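Heavy atoms only: backbone and side chains are in, while hydrogens, waters and symmetry mates are out. If you read the sequence from its start, that first residue is 1, and numbering goes on from there. Nothing here was measured: the structure is a model prediction, and the numbers come from that model.
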Amino acid sequence: MNKKLKYAIFNTLRFIPNGIMLRAQYFVKLHRWLDLNKPQRFTEWIQWYKAYYRNAEMPQCTDKYLVRDFVKKQIGNDKYLNKLYQVCDNAKEIDFNSLPQRFVIKTTDGGNGDNIFICQDKHSINIKDVIQKINGWRHKRYENISREWAYTGATNSRIIVEEYLEDSNNKDGSIDDYKFLCFNGKFQYLWVDKNRYSDHRRGFWDKNLNFLSYVKSDHKTFDTPPVLPPNIKEMISLSEKLSAAFPFARIDWYNLNGVIVFGEITFYPWSGYVQYTPDTFDFELGNCFASAVKELNIKL
């Protein structure tokens, strides 16, 4: 099913209550029943998060432009933010002449890795086609498909143009992605993505930075775990600051030769639809979520 048709179908189904829609999607994707009343698995807690948890700061964090102010406020400076070239309401307003050869364009309300245009050579693109494509991404109402409440605040679909990031150590043009799973502001697990465009590998580490060779998700794990950056503890500290206000948040960073660059804040990884191997890891993460909810005295 193409994305345009998918959005259209789910937009017509937006009247269906969250509880019903989430249970149906969970069963279709993971082939098991969802318990929203007594969630145990991490994948179940993510559905609960969508349906019931509301925090006024979450919509700001999902907006790719407004989150910059959140990061500056929580950390106290903007040194970890990627360079922002332009922000506008319509792709026709982008000043392509002032941009360098390489850059990245995003819509501020995109989700699930969608709505990102990567330009590696400005002279090889058709600007008219790029403008049309990017404007077609705006106002997709991502939450109609995912029921991810945090995206409901994305009423102003804007466009940002950022610096193109690259890592000279990666021949496929990808950059390593470090994702910190934090519960009630405490770092518990790390996952790392490498070589996205060639031999994509994903690995998990525990809070003591022990590599969990037995854990897999939807990609192969590492035969030999990569060496983590020397400043990994700084990344952990930053992640805990950014996640302190929420029961759960995944904080993403890049680390380019020791330079830490903020990626994004995510509340619903994979929208909660992923099969872990072993299956017990889903419960391990779920226990972390349950503990955070209990610590915060949040009633189910």
Side-chain angles (χ1 to χ4, degrees), residues 10 13-63 67 70 109 111-113 141-154 179-191 204 207 215 217-218 239-240 242-252 264-300:
F10 278 93
L13 298 176
R14 65 184 182 275
F15 66 91
I16 297 177
N18 284 337
I20 295 175
M21 180 60 77
L22 292 173
R23 286 182 172 91
Q25 290 184 341
Y26 192 85
F27 183 79
V28 168
K29 293 176 181 291
L30 295 178
H31 311 295
R32 56 176 179 255
W33 298 110
L34 166 64
D35 191 340
L36 280 175
N37 298 318
K38 295 181 180 180
Q40 296 183 56
R41 297 171 174 272
F42 181 65
T43 51
E44 290 182 310
W45 276 108
I46 293 298
Q47 309 312 318
W48 173 89
Y49 216 24
K50 296 182 199 176
Y52 301 122
Y53 185 73
R54 305 292 182 257
N55 183 312
E57 291 185 295
M58 292 172 80
Q60 178 183 5
C61 293
T62 61
D63 185 296
V67 70
F70 180 83
D109 57 345
N112 199 31
R141 306 308 304 173
Y142 182 70
E143 73 277 3
N144 288 340
I145 293 179
S146 63
R147 300 302 174 102
E148 297 179 8
W149 176 83
Y151 287 92
T152 59
K179 302 172 183 292
F180 296 80
L181 306 182
C182 299
F183 299 84
N184 191 19
K186 302 181 185 71
F187 162 66
Q188 294 293 336
Y189 292 92
L190 163 69
W191 97 50
F204 291 81
K207 64 182 180 180
V215 175
S217 58
D218 55 345
S239 298
E240 291 186 333
L242 293 183
S243 63
F246 313 107
F248 166 76
R250 193 192 80 195
I251 314 298
D252 296 2
E264 65 176 351
I265 299 176
T266 299
F267 300 105
Y268 318 105
W270 292 297
S271 201
Y273 304 126
V274 65
Q275 181 63 55
Y276 295 100
T277 303
D279 189 50
T280 53
F281 190 62
D282 200 5
F283 290 95
E284 285 184 42
L285 293 173
N287 287 336
C288 293
F289 210 127
S291 295
V293 167
K294 184 177 180 180
E295 291 168 3
L296 293 168
N297 294 315
I298 299 173
K299 294 183 179 180
L300 297 182

Participant: Below 4.5 Å, heavy atoms only, C-beta onward: do F180 and D252 meet side chain to side chain?
Facilitator: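 Heavy-atom side-chain distance check fails, nothing below 4.5 Å.
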Participant: Which distance, rounded to the nearest 0.5 Å, do you find between the CG of N18 and the CG of L36?
Facilitator: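 Going from CG on N18 over to CG on L36, the span is 9.5 Å.
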Participant: Find the distance between CG (D63) and CE (M58) and round it off to the nearest 0.5 Å.
Facilitator: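 Taking CG in D63 and CE in M58, the distance rounds to 14.0 Å.
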Participant: Could you walk me through whether Y52 and Q47 pass side chain to side chain donor-acceptor pair (under 3.5 Å), step by step?
Facilitator: CA-CA 9 Å; Y52 301 122; Q47 309 312 318; over 6 Å; no
Participant: Could you state the interatomic distance from CG (L34) to CD1 (I46), rounded to the nearest 0.5 Å?
Facilitator: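 Reported value, rounded in 0.5 Å steps: 11.5 Å.
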Participant: To the closest 0.5 Å, what do you measure between CG (L190) and OG (S239)?
Facilitator: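 Here the interatomic distance stands at 8.5 Å.
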Participant: Give the minimum heavy-atom separation between G185 and S243, together with the two atoms involved.
Facilitator: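 Heavy-atom minimum between the residues: CA-OG, 3.4 Å.
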Participant: Should the ring pair F246 and F70 be called parallel, tilted or perpendicular, given that the plane angle runs from 0 to 90° and is split at 30 and 60?
Facilitator: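 Judged by the thresholds at 30° and 60°, the geometry between F246 and F70 is tilted.
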Participant: Starting from the C-alpha separation in whole Å, work towards a yes-or-no answer on side chain to side chain contact (heavy atoms under 4.5 Å, CB included) for I16 and R147.
Facilitator: CA-CA 10 Å; I16 297 177; R147 300 302 174 102; 4.0 Å; yes
Participant: So that I can tick it off, tell me whether R41 and D35 are bridged by a salt bridge, with the cut-off set at under 4.0 angstrom between side-chain N and carboxylate O.
Facilitator: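 Answer for the salt bridge query: no.
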Participant: Can you measure from CZ (F187) to CD (E240) and round to the nearest 0.5 angstrom?
Facilitator: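 Reported value, rounded in 0.5 Å steps: 8.0 Å.
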Participant: Does any part of the side chain of K207, heavy atoms only, come nearer than 4.5 Å to the side chain of L181, both counted from C-beta?
Facilitator: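 Counting from C-beta outward, L181 and K207 never come under 4.5 Å.
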Participant: Before accepting this row, confirm whether a basic side-chain N of the pair R250/E264 lies closer than 4.0 Å to the acidic partner's carboxylate O.
Facilitator: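 So R250 pairs with E264 through a salt bridge.
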Participant: Using the rule given for side chain to side chain contact (heavy atoms under 4.5 Å, CB included), can you reason through Y26 versus R32, listing the C-alpha separation, both sets of side-chain angles and the distance that settles it, and then say yes or no?
Facilitator: CA-CA 7 Å; Y26 192 85; R32 56 176 179 255; 3.1 Å; yes
Participant: With sequence neighbours excluded, what pairs up with Y49 under the ring-ring contact (aromatic ring centres under 6.0 Å, His included) test?
Facilitator: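 ring-ring contact (aromatic ring centres under 6.0 Å, His included) check on Y49 returns Y53, Y268, F289.
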Participant: Are F281 and F42, when compared by the centres of their aromatic rings, separated by less than 6.0 Å?
Facilitator: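 Ring-ring flag for F281/F42: false, centres at least 6.0 Å apart.
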Participant: Does the side chain of V293 reach to within under 4.5 Å of the side chain of W45, using non-hydrogen atoms?
Facilitator: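 In contact.
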Participant: Just verifying a value: how many Å separate K294 NZ and N184 CG, rounded to the nearest 0.5 Å?
Facilitator: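 Separation between the atoms: 13.5 Å.
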Participant: Between E295 and K186, is there a side-chain N and carboxylate O pair less than 4.0 Å apart?
Facilitator: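 Looking at K186 together with E295, the answer is yes, because their closest N to O distance falls below 4.0 Å.
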Participant: Using a 4.5 Å cut-off on heavy atoms from C-beta on, say whether the side chain of P39 contacts that of L300.
Facilitator: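 A side-chain contact exists here, since the closest heavy-atom pair is under 4.5 Å.
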Participant: So, for V274 and S217, which heavy atoms are closest and what is the spacing to 0.1 Å?
Facilitator: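 In this case the closest contact between V274 and S217 is CG2-CB, 4.2 Å.
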Participant: Below 4.5 Å, heavy atoms only, C-beta onward: do Y189 and V215 meet side chain to side chain?
Facilitator: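 No. Closest side-chain heavy atoms not under 4.5 Å.
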Participant: If you look at every heavy atom in I298 and P247, which pair is closest and at what distance?
Facilitator: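 In terms of heavy atoms, the two residues are closest at CD1-CG, 3.7 Å.
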Participant: Is the distance between the ring centroids of W270 and W191 under 6.0 Å?
Facilitator: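 Between W270 and W191, which both carry aromatic rings, the centre distance is below 6.0 Å.
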Participant: Quick one, I265 with V67, criterion side chain to side chain contact (heavy atoms under 4.5 Å, CB included). Give me CA distance, side-chain angles, the key distance, then yes/no.
Facilitator: CA-CA 8 Å; I265 299 176; V67 70; 4.0 Å; yes
Participant: Would you sort out whether E148 and F267 count as a side chain to side chain contact (heavy atoms under 4.5 Å, CB included), showing the intermediate values?
Facilitator: CA-CA 9 Å; E148 297 179 8; F267 300 105; over 6 Å; no
Participant: Is the shortest side-chain heavy-atom distance between T43 and L30 below 4.5 Å?
Facilitator: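 SC-SC contact between T43 and L30 confirmed.
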Participant: Check step by step if side chain to side chain donor-acceptor pair (under 3.5 Å) holds for S271 and K50.
Facilitator: CA-CA 9 Å; S271 201; K50 296 182 199 176; 2.8 Å; yes
